[in-house]
Undergrad: 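Attaching a single structure in structure tokens format; questions to follow.
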Amino acid sequence: MTSTLTPQPVERAKPARTGAAPRRRTRVLALPEARWATAATVFFLLALPLQLTGAPAWTWGPLYALSYVTGGWEPGWEGLKALKERTLDVDLLMVVAALGAASIGQVMDGALLIVIFATSGALEALATARTADSVRGLLDLAPATATRLTPDGGEQTVPVEELAVGDTVLVRPGERVGADGRVLDGASDVDQATITGEPLPAAKEPGDEVFAGTLNGTGALRVRVERDASDSVIARIVRMVEEASETKAPTQLFIEKVEQRYSLGMVAATLAVFLVPLAFGEQLTDALLRAMTFMIVASPCAVVLATMPPLLSAIANAGRHGVLVKSAVVMERLGQVDAVALDKTGTLTEGSPRVTDVRPLPGSGLDEAELLTLAAAAERPSEHPLARAVVDAARERGLDLPGAEDFTSAPGVGVTAVVNGRGVAVGAPARLLDGTGSTVTAVAEELEESGRTAVLVLVDGAPAGLLGIADRLRPDAAATVAALTTLTGTAPVLLTGDNPRAAAHLAAEAGIDDVRAGLLPQDKMAAVQELESTGRKVLVVGDGVNDAPALAAAHTGVAMGRAGSDLALETADAVIVRDELAAVPTTVALSRHARRLVVQNLVIAGVFIAGLVVWDLAGNLPLPLGVAGHEGSTVLVGLNGLRLLRESAWQRAAAAGTG
């Protein structure tokens with residue numbers, strides 16, 4: 001430990017990108033499931049063209065055999081272990097069906113089935129690994145070390161785990177806060193979007209609370225630690241995401257829900273079809289052939305393919321339109337949602353502040369352009385998000401900004417500079433003026449009542465005007481809210497960490513009545529769990545670290561991709577890559593269309609299976625005809641599901657969402 005008598009040089013923490021943790025991504029081929037699935041697919045793709053072009057069987061037969069082995073050994077082994085535990089799953093049944101198909105000459109069909117199952121298992125393993133990566137990476141938001149102040153005025157660089165409640169830490173400009181605590185001394189603007197989702201840095205002064213992992217601005221803060229590192233808000237987010245992911249009820253595709261009964265019934269029936277005729281004197285060869293035919297025609301291949309093509313086609317179609325749906329299970333779940341909870345900043349809004357109002361005060365002698373020019377010129381050297389918003393507004397209007405001299409920035413107060421020989425100050429009205437005049441107060445209150453952040457501009461010490469700054473609603477937000485209301489039958493709920501006044505104003509613009517503001521991550525998750533406790537299947541749409549627990553706890557979570565945090569992107573079940581909010585209701589409608597096609601396909605597959613089974617049991621179904629009927633039903637349901645690949649399917653889903 002560093003001596004308290006002789007302070008050592010303090011190592012500055014390297015600033016990290018706001019809201020993001022360093023990536024710790026598991027490589028795809030680092031997963032054994034992915035390696036085996038890749039090998040099976042490669043062998044299949046090498047064998048298929050050789051077979052189709054009429055090459056000798058010795059050229060493609062061994063390749064198919066390798067595909068069977070590499071793709072089928074793992075599910076087969078897992079199935080045998082399950083069998084040892086007296087359970088029977090579809091994976092083992094699929095391997096047996098694939099081997100059965102190969103035994104009667106349908107080698108390619110069996111290999112295709114093996115590849116499908118191996119690839120599905122690899123994707124599931126990858127999704128699990130990536131979620132674990134993102135949860136571990138979240139811990140990197142909090143710095144590994146902090147600067148602890150000793151009673152004699154010295155400094156110690158210590159691991160954050162060694163900080164105790166009551167310790168005082170120094171947070172320098174640009175550093176991340178090392179522990180949850182309260183400001184004792186200093187003033188600064190702290191970017192705490194990772195915790196609260198607020199679009200603008202929060203001004204901090206003595207008595208204000210700060211959170212571990214949030215990014216300090218330009219001022220220095222002395223903070224008294226009030227929580228252990230294991231109990232900080234960021235640590236609780238990690239625990240909540242892990243617990244919600246573990247306790248979230250596992251969802252399976254329809255066929256998997258009945259796999260035990262179907263599998264056991266099919267095995268028992270196959271044995272009966274073989275043994276009963278044999279007991280009554282039928283020839284062994286005939287009884288075996290009848291049983292093999294029964295196993296082929298009754299195998300769930302058509303049922304599996306009845307389920308997968310519509311869902312996979314919907315996933316592919318959504319992907320072409322900028323929506324990444326992570327699995328067929330997720331696509332199925334999207335169509336079940338009947339309630340929606342939306343985040344505000346970065347989801348309903350664009351996530352960056354913009355100047356919405358320019359209000360010169362009477363008697364200032366300035367018009368809007370002159371007021372904005374002076375404010376932008378003074379703010380141009382500043383890195384504060386509000387300053388960038390003011391400068392961007394001036395540039396959008398094509399204003400020429402003069403140079404600024406004697407620039408100074410006071411954390412939590414504002415900036416001052418000399419522009420064209422005039423002293424200009426820009427900052428919070430309450431901080432710049434000791435006794436605020438009635439006109440300034442009235443305009444500031446009007447802006448704040450409408451959900452804006454009021455910024456006062458002083459010129460030569462006198463109030464010259466105010467600027468209103470707010471996070472702008474996405475152009476498609478109101479239409480999306482209306483579409484989601486139509487699809488689910490209830491209006492979405494707004495869950496935000498922002499202040500109630502700004503949240504209520506924006507919700508009114510978007511058409512949302514139920515607003516829950518000032519929420520920390522655990523509050524958002526609790527709100528989602530409250531909705532689900534009433535039997536609702538909740539869709540949560542968010543983008544930040546603070547949304548991750550709610551995304552994990554929801555029936556289905558969707559993340560906005562462009563500005564979304566790593567944790568939100570990995571925790572969510574689907575990602576809107578292009579940041580088009582209107583894609584959310586369209587994807588829900590597309591999922592519902594896919595579910596309808598699944599039901600159609602299951603009916604078609606069931607009719608074919610029942611007809612072929614009855615023929616085999618009551619008559620004498622030739623094995624080639626049984627295979628042809630079985631494969632024909634598989635092709636039919638596959639083609640029916642592929643209809644969702646068409647562009648018109650997405651357009652119909654978009655119309656359904658708005659209709």
Undergrad: Determine whether Q529 and P549 make a side-chain contact, defined as any pair of heavy atoms from C-beta on separated by less than 4.5 Å.
TA: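 No, side chains not in contact.
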Undergrad: Determine the sole option in L590, D573, V330, V575 for which the side-chain contact (heavy atoms from CB on, under 4.5 Å) test with V325 is passed.
TA: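 Of all the options given, the one that passes is V330.
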Undergrad: Do side-chain atoms of K537 reach the backbone of L334 as a donor and acceptor pair under 3.5 angstrom?
TA: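 No: the side chain of K537 does not pair with the backbone of L334.
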Undergrad: Is the side chain of R474 donor-acceptor paired with the backbone N or O of T347 at a distance under 3.5 Å, no angle test?
TA: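 Yes, the answer is positive, given that a donor and an acceptor are paired below the 3.5 Å cut-off.
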Undergrad: Using side-chain contact (heavy atoms from CB on, under 4.5 Å) as the criterion, list what pairs up with A39, not counting sequence neighbours.
TA: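 A39 satisfies side-chain contact (heavy atoms from CB on, under 4.5 Å) with F43, T70 only.
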Undergrad: Between the side chain of S313 and the main-chain N/O of L644, is any donor-acceptor distance below 3.5 Å?
TA: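 Side chain of S313 to backbone of L644: no pair is present.
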Undergrad: Run the side-chain contact (heavy atoms from CB on, under 4.5 Å) check on V538 and V337 step by step: do they pass?
TA: CA-CA 6 Å; V538 182; V337 299; over 6 Å; no
Undergrad: For the atom pair OG1 (T587) and CG (L324), what is the distance rounded to the nearest 0.5 Å?
TA: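 Rounded to the nearest 0.5 Å, the OG1-CG separation comes out at 10.5 Å.
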Undergrad: Using 0.5 Å steps for rounding, measure from the CD atom of Q336 to the OG1 atom of T488.
TA: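 Reported to 0.5 Å precision, the distance equals 14.5 Å.
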Undergrad: Do H555 and E532 pair up side chain to side chain, a donor and an acceptor below 3.5 Å, judged on atom types alone?
TA: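 The answer is no; no qualifying pair exists.
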Undergrad: CD of Q600 to CD1 of I604: how many Å apart, nearest 0.5 Å?
TA: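 Going from CD on Q600 over to CD1 on I604, the span is 6.5 Å.
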Undergrad: Locate the shortest heavy-atom distance separating T571 from A548; write the atom from each residue and the value.
TA: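 That would be CG2-O, 3.6 Å.
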Undergrad: Quick one: pull up CG in L342 and CG in L348 and give me the separation to the nearest 0.5 Å.
TA: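 Output value for this atom pair is 5.0 Å.
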Undergrad: On a heavy-atom basis, which atom in M560 and which in V541 lie closest, and how many Å separate them?
TA: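 Looks like SD-CG1, 4.0 Å.
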Undergrad: Whether the side chain of T485 engages the backbone of V481 through a donor-acceptor N/O pair (distance < 3.5 Å, no angle test) should be reported.
TA: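 Yes, T485 side chain to V481 backbone: donor-acceptor pair under 3.5 Å.
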Undergrad: Who passes salt bridge (Lys or Arg N to Asp or Glu O under 4.0 Å) against R595, sequence neighbours left out?
TA: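 R595 satisfies salt bridge (Lys or Arg N to Asp or Glu O under 4.0 Å) with no residue once adjacent residues are dropped.
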Undergrad: Supply the atom-to-atom distance W60 CH2 to M108 CE, rounded to the nearest 0.5 angstrom.
TA: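 The distance works out to 10.0 Å.
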Undergrad: Walk me through whether D343 and D543 qualify under side-chain contact (heavy atoms from CB on, under 4.5 Å).
TA: CA-CA 8 Å; D343 172 49; D543 73 311; 2.9 Å; yes
Undergrad: Any heavy-atom pair between the side chains of L495 and V528 that's under 4.5 Å?
TA: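 Yes, their side chains come closer than 4.5 Å.
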Undergrad: What's the shortest heavy-atom distance between T480 and P585, and which atoms?
TA: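 Of all heavy-atom pairs spanning T480 and P585, the closest is CG2-CD, 3.8 Å.
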Undergrad: Could I get the full list of salt bridge (Lys or Arg N to Asp or Glu O under 4.0 Å) partners for E530, not counting sequence neighbours?
TA: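 By the salt bridge (Lys or Arg N to Asp or Glu O under 4.0 Å) rule, E530 matches R516.
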Undergrad: Is a donor on one side and an acceptor on the other found under 3.5 Å between the side chain of Y68 and the backbone of L63?
TA: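 No: the side chain of Y68 does not pair with the backbone of L63.
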Undergrad: Can you check whether E647's main-chain N or O pairs, donor with acceptor, with N317's side chain at less than 3.5 Å?
TA: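 Absent.
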Undergrad: Restricting to salt bridge (Lys or Arg N to Asp or Glu O under 4.0 Å), what partner residues turn up for D338, sequence neighbours left out?
TA: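 Salt bridge (Lys or Arg N to Asp or Glu O under 4.0 Å) list for D338, sorted by chain: R536.
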Undergrad: Would you check, one step at a time, whether the test side-chain contact (heavy atoms from CB on, under 4.5 Å) holds for V584 with L539?
TA: CA-CA 10 Å; V584 175; L539 169 67; 3.9 Å; yes
Undergrad: Just verifying a value: how many Å separate R646 CZ and R652 CZ, rounded to the nearest 0.5 Å?
TA: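 Atom-to-atom, R646:CZ and R652:CZ are 6.0 Å apart.
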Undergrad: State, to 0.1 Å, how close G335 and R592 come at their nearest heavy-atom pair, and which atoms those are.
TA: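 Closest approach of G335 to R592, heavy atoms only: O-NE, 3.2 Å.
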Undergrad: Might you point out which heavy atoms bring L311 and V598 nearest each other, and give the distance in Å?
TA: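 In this case the closest contact between L311 and V598 is CG-CG2, 4.2 Å.
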Undergrad: Identify the two heavy atoms, one from L487 and one from A656, that lie closest to each other, and give their separation to 0.1 Å.
TA: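 The answer is CD2-O, 4.2 Å.
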Undergrad: By the side chain to side chain donor-acceptor pair (under 3.5 Å) test, which pairs, at least two apart or in different chains, include something from residues 35-52?
TA: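 For residues 35-52, and leaving out neighbouring residues, the side chain to side chain donor-acceptor pair (under 3.5 Å) pairs sorted by first residue read Q51-Y64.
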Undergrad: Judged by atom type as modelled, is there a donor-acceptor pair below 3.5 Å linking the side chain of S67 to the main-chain atoms of A40?
TA: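 Checked: pair present.
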Undergrad: For H321, check ring pair (Phe, Tyr, Trp, His ring centres under 6.0 Å) against everything at least two apart and list the hits.
TA: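 Partners of H321 by the ring pair (Phe, Tyr, Trp, His ring centres under 6.0 Å) criterion, ordered by chain and then number, come out as W650.
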